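As structure tokens, the structure follows; a few thoughts come after it.
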Amino acid sequence: MTLRIGNASGFYGDRFDAMREMLTGGDLDVLTGDYLAELTMLILGRDRLKDPGAGYARTFLRQLEDCLGLAHERGVRIVTNAGGVNPAGLADAVRHLAGRLGIPVRVAHVEGDDLTAAHPGSLAAHAYLGGFGIAACLRAGADVVVTGRVTDAALVTGPAAAHFGWRETDHDRLAGAVVAGHVLECGAQATGGNYAFFRDGDVRRPGFPLAELHEDGSCVITKHPGTGGFVDVGTVTAQLLYETAGARYAGPDVTARLDTVRLAQDGPDRVRIEGVRGQAPPPTLKVGLNRLGGFRNEVVFVLTGLDIKAKAALVREQMEPALSEVADVRWELSRTDRPDAPSEETASALLRLVVRDPDQEVVGRALSGAAVELALASYPGFHVLAPPGKGAPYGVFEDVYVAHGGVDHVAVLHDGRRVAVSPAHDTRVLDDVPEPPPPEPLPPGPTRRAPLGLVAGARSGDKGGNANVGVWARTDDAWRWLAHELTADRFQELVPESRPLKVTRHVLPNLRALNFVVEGILGAGVAAQHRFDPQAKALGEWLRSRHLDIPEALL
């Protein structure tokens with residue numbers, strides 16, 4: 001008995017046509033859509049401030065306008081977290097749409113994640129719920145299930161638990177579904193999108209992934225026939241490492257042991273995942289808090305040609321009086337210029353000024369005016385990328401934890417009945433996993449200075465203010481070298497901005513992978529835009545571009 005679960009969205013703004021493509025491209029039992037991220041919850045929280053009836057992903061409704069009939073005809077159930085901070089509102093909107101279209105669908109939703117009232121000063125405070133509220137809705141016959149903030153993997157654990165009759169103590173099975181859900185959650189990232197070795201296939205328009213999930217929790221990751229991109233052990237490994245950390249991947253349903261995952265190519269565009277073991281979930285639930293942190297402004301000065309450092313020093317000195325009252329001032333000079341450049345753009349460097357303050361006026365017109373007034377009175381060739389404006393609000397993300405019983409997890413069925421979802425009674429405090437022994441090192445031999453990316457892939461992402469960088473080897477010999485060479489200390493040598501921060505290395509031998517967590521590199525999270533790449537999306541690619549002494553046998 002196989003449950004075919006597909007994904008049609010990895011974020012709010014993903015490919016609009018993906019829902020139709022997944023419904024028409026092949027057989028499915030369930031179609032999921034992940035619309036939420038830390039930044040999205042802030043955006044939807046601000047929407048709710050302006051309109052109490054808002055707060056959900058409106059794109060999902062527009063997709064259903066075209067696809068609800070298709071799903072009904074094909075018997076495909078839809079499960080989505082597009083409800084954001086207002087799942088009840090989206091469920092009502094779906095019912096209204098179905099009635100207008102004359103499609104008899106049963107719509108249910110899950111609530112209880114919203115803890116904003118218990119956290120004064122927060123714009124949105126939401127607990128990450130598990131999949132058993134979704135399961136209750138599906139078992140009662142729902143065709144469409146809308147949730148708010150559940151874990152991304154819950155969109156898969158819920159349908160799997162409903163279909164196979166799993167209980168809360170079926171930890172290994174649930175862990176297998178969590179791993180499948182984690183692979184699916186970011187859409188085309190599992191089918192060649194954002195992949196380090198993207199030249200291995202045609203990724204101009206990758207298809208979206210699906211999982212053939214089995215009763216024992218194992219699965220095969222694949223995609224519809226004829227769609228773009230590709231699925232291999234590498235693309236699945238990359239997604240498994242995305243926004244994770246060590247051997248234990250904790251969630252509200254189960255703690256999945258990533259160090260037990262076994263991957264195998266099962267044919268073209270098919271990767272089998274098996275062997276996943278699970279443990280009881282931790283005794284607390286994560287709660288994501290989003291609040292407004294103040295106001296920010298930004299000016300990017302373009303410095304062209306000769307004397308780049310002197311030009312930067314001049315404009316910094318000229319701007320200094322206007323910055324004296326600003327709480328946080330950051331200057332960053334990006335040397336994108338080249339000597340004797342063939343174009344003006346390649347002869348130019350960028351000097352970025354970012355300011356933050358609780359007072360919008362301090363970073364607003366006065367600052368903007370000071371920058372504009374330099375237009376005819378500063379370095380030769382003065383211009384900026386865009387005219388500065390008034391200060392814009394920025395957000396701050398942090399996480400806190402509450403006991404499972406601290407939330408009222410409720411499945412609101414299609415007929416209006418409210419079913420309480422029991423909190424996890426079997427829990428286990430997370431403890432550190434001893435680092436496994438390293439593989440045998442490669443025998444000594446000649447080396448060559450070359451980029452790390454010639455022998456290793458990487459994928460990076462954000463979790464609040466932290467970033468993770470997963471690095472994996474493509475061969476056993478490359479793994480033997482990588483495990484010994486890329487220590488936490490060597491990582492900090494290669495990524496200088498991580499040197500003053502705590503960097504933890506986690507070893508995952510089954511995946512031939514290392515996962516590095518860099519604490520605090522993203523400041524207060526993506527909404528604060530602390531660094532040039534605020535979500536650390538390209539941190540892994542920067543690491544791959546750094547040069548090391550690599551054994552010639554691997555090159």
Side-chain angles (χ1 to χ4, degrees), residues 39 42-43 46 49 120-123 289-337 347-398 462 464-467 496-501 518-536:
L39 179 60
L42 177 70
I43 293 169
R46 292 184 65 192
L49 274 182
S122 64
L123 185 60
L289 300 183
N290 285 278
R291 59 181 174 81
L292 293 179
F295 298 86
R296 71 183 298 279
N297 207 343
E298 179 175 330
V299 188
V300 180
F301 301 90
V302 183
L303 315 173
T304 304
L306 305 177
D307 304 318
I308 296 296
K309 288 185 178 180
K311 290 172 180 174
L314 172 60
V315 76
R316 289 185 63 163
E317 188 173 353
Q318 289 178 307
M319 287 294 297
E320 196 171 292
L323 302 175
S324 60
E325 301 297 323
V326 179
D328 184 31
V329 178
R330 295 175 185 268
W331 290 95
E332 184 175 355
L333 176 61
S334 298
R335 293 302 301 264
T336 52
D337 56 305
S348 299
L350 301 178
L351 179 64
R352 183 171 179 242
L353 167 63
V354 178
V355 292
R356 294 182 178 84
D357 197 272
D359 186 346
Q360 186 175 19
E361 288 299 317
V362 172
V363 297
R365 295 299 182 190
L367 177 71
S368 299
V372 171
E373 287 171 2
L374 296 178
L376 304 179
S378 188
Y379 58 85
F382 180 99
H383 65 288
V384 296
L385 283 186
K390 61 182 181 179
Y394 71 89
V396 171
F397 176 87
E398 60 182 309
D462 64 311
N466 301 337
E497 64 180 306
S498 72
R499 291 174 189 170
L501 306 172
V518 187
E519 297 185 18
I521 194 171
L522 304 179
V526 56
Q529 299 185 51
H530 179 76
R531 66 191 294 272
F532 169 70
D533 174 16
Q535 290 181 281

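Quick caveat: nothing in here was measured; it's all calculated off a predicted structure.
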Residues H383, T304; criterion side chain to side chain contact (heavy atoms under 4.5 Å, CB included); working and verdict: CA-CA 9 Å; H383 65 288; T304 304; 4.2 Å; yes
Test log, rule side chain to side chain contact (heavy atoms under 4.5 Å, CB included), inputs F397 and L42: CA-CA 9 Å; F397 176 87; L42 177 70; over 6 Å; no
Pair E332-R330, salt bridge (charged side-chain N to carboxylate O under 4.0 Å, His left out): steps then yes or no: CA-CA 7 Å; E332 184 175 355; R330 295 175 185 268; over 6 Å; no
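In this structure, CG on N466 lies 9.5 Å from CD1 on I521, to the nearest 0.5 angstrom. Here L333 contributes atom CG and K309 contributes atom NZ; the two are 8.5 Å apart, rounded to the nearest 0.5 Å. Residue L49 holds its CG atom at 8.5 Å from CZ of R46, rounded to the nearest 0.5 Å. One finds the CG atom of N290 at 9.5 Å from the CD atom of E398 (value rounded to the nearest 0.5 Å). Going from atom CZ of F295 over to atom CG of L367 covers 14.5 Å, rounded to the nearest 0.5 Å. From M319, atom CE reaches atom CZ of F301 across 5.0 Å, with rounding to the nearest 0.5 Å.
A heavy-atom distance below 4.5 Å is not found between the side chains of V363 and R356. Side-chain contact between V372 and P388: present, with at least one pair of heavy atoms (C-beta onward) separated by less than 4.5 Å. When side chains are defined from C-beta on, S378 does not count as touching K311, because their heavy atoms never get closer than 4.5 Å. Looking only at side-chain heavy atoms (C-beta outward), D337 and L303 stay at 4.5 Å or farther from each other.
The minimum heavy-atom distance linking L501 with G520 is given by the pair CD1-C, 4.2 Å. The shortest heavy-atom contact between E325 and V362 is O-CG1, 3.8 Å. In this structure, W331 and V315 approach most closely via the heavy-atom pair CH2-O, 4.4 Å. Nearest approach of V396 to G293, heavy atoms of both residues: CG2-CA, 3.7 Å. When every heavy atom of N297 is checked against every heavy atom of G391, the shortest pair comes out as ND2-N, 4.0 Å. In this structure, D357 and A327 approach most closely via the heavy-atom pair OD2-N, 2.8 Å.
Environment of CD in E320: sparse, with no more than 12 heavy atoms of neighbouring residues, nucleotides or ligands closer than 6.0 Å. The number of heavy atoms from other shown groups lying within 6.0 Å of CG (L385) is above 12.
Put simply, the side chain of S348 never gets that close to the backbone of T336: no donor and acceptor are under 3.5 Å apart.
Both tests do not hold together for R352 against F532: distance to the six-membered ring centre under 6.0 Å, angle to the ring axis within 45°.
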